[in-house]
**Q** 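Handing you a structure now.
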Amino acid sequence: MLRIYYKATCSTCRTTLGLIQDETDEDPEIIEYMKDTPTKQEIKEILSLLGIKAAELVRKKEPLYLEKYAGKKITETQWIKILSENPELIERPIVVVDGKAIIARPPEMILQLLGKKKK
């Protein structure tokens, strides 16, 4: 199973998807998370696969973050709720392969994750 949390207007997402398509024979499940927003439970699962805290998944250069959240003490539970309500704050792209996940920045980071899936 190969899944990518994707935003069509993001060049890094498009590059990552292109690498997946070039390097594997699989059709990835593409989740356009701005339209199909992850639930709090899905965010918890993603965080578990990534092995990070919710605050590490936040795009800290986004205007919404800078205006509303920068410098504030926010708990893990609060961040998960914030991310589920404001998907633009979720770092991207996230690629999930066989129970492992990575934030593909830069996109080439997925090549090691895809190692056993290569053509």
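The analysis underlying the following values was restricted to heavy atoms, covering all of them including side chains, and did not include hydrogens, waters or symmetry mates. This one's a predicted model, so the numbers in the text were calculated from it and none came from an experiment.
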**Q** Rounded to the nearest 0.5 Å, what separation is found between the CD atom of Gln112 and the NZ atom of Lys100?
**A** 9.0 Å
**Q** Going by heavy atoms in the side chains, are Pro28 and Leu17 under 4.5 Å from each other?
**A** yes
**Q** Measuring from Tyr6:OH to Lys35:NZ, what's the distance to the nearest 0.5 Å?
**A** 10.0 Å
**Q** What are the two closest non-hydrogen atoms of Ile43 and Ser84, and how far apart are they?
**A** CD1-N, 3.4 Å
**Q** If you round to the nearest 0.5 Å, how far is CD1 of Ile103 from CE of Met109?
**A** 8.5 Å
**Q** Determine whether Val96 and Met1 make a side-chain contact, defined as any pair of heavy atoms from C-beta on separated by less than 4.5 Å.
**A** yes
**Q** Between Pro87 and Met34, what is the shortest heavy-atom contact and its length?
**A** C-SD, 3.7 Å
**Q** Hey, mind stepping through Glu32 and Lys7 against salt bridge (Lys or Arg N to Asp or Glu O under 4.0 Å) and telling me if it holds?
**A** CA-CA 6 Å; Glu32 291 195 48; Lys7 182 177 179 184; over 6 Å; no
**Q** Give the minimum heavy-atom separation between Ile110 and Ala104, together with the two atoms involved.
**A** CG2-CB, 3.4 Å
**Q** Does Ile20 reach the side chain of Leu114, with side-chain heavy atoms less than 4.5 Å apart?
**A** yes
**Q** Check whether Lys44 reaches the backbone of Lys40 with its side chain - one donor and one acceptor, N or O, closer than 3.5 Å.
**A** no
**Q** If you define the side chain from C-beta out and look only at heavy atoms, does anything of Lys61 sit under 4.5 Å from Leu66?
**A** no
**Q** For Ile90, is there any backbone N or O sitting under 3.5 Å from a side-chain donor or acceptor partner on Tyr33?
**A** yes
**Q** Does the side chain of Glu76 come within less than 4.5 Å of Ile80's, by heavy atoms?
**A** yes
**Q** When rounded to the nearest 0.5 angstrom, what distance separates CG in Leu83 from OG1 in Thr37?
**A** 11.0 Å
**Q** Kindly indicate whether the side chain of Ile46, heavy atoms from C-beta on, has any atom under 4.5 Å from the side chain of Ile94.
**A** yes
**Q** Quick one: does Leu111's side chain get under 4.5 Å of Leu113's, heavy atoms only?
**A** no
**Q** Do you know which two heavy atoms are closest between Leu49 and Gly99, and how far apart they sit?
**A** CD2-O, 3.0 Å
**Q** Could you measure the distance from the CD atom of Glu42 to the CG atom of Leu47? Nearest 0.5 Å is fine.
**A** 12.0 Å
**Q** Does any part of the side chain of Leu64, heavy atoms only, come nearer than 4.5 Å to the side chain of Tyr69, both counted from C-beta?
**A** yes
**Q** Rounded to the nearest 0.5 Å, what's the gap from NZ on Lys81 to CD1 on Ile74? Could you check?
**A** 12.0 Å
**Q** Testing the basics here: between Val95 and Val97, what is the closest heavy-atom pair and its distance to 0.1 Å?
**A** CG1-CG2, 3.9 Å
**Q** Do any N or O atoms from the side chain of Thr24 and from the backbone of Gln21 form a donor-acceptor pair under 3.5 angstrom?
**A** no
**Q** Any side-chain donor paired with an acceptor under 3.5 Å for Ser48 and Glu45?
**A** no
**Q** Would Glu91 and Arg105 pass as an ion pair if we require N to O under 4.0 Å?
**A** yes
**Q** Looking at every non-hydrogen atom in both residues, tell me the closest pair between Gly71 and Tyr65 and how far apart they are.
**A** N-OH, 4.3 Å
**Q** Show your reasoning for whether side chain to side chain contact (heavy atoms under 4.5 Å, CB included) applies to Ile31 and Arg3.
**A** CA-CA 7 Å; Ile31 298 172; Arg3 178 183 314 139; 3.0 Å; yes
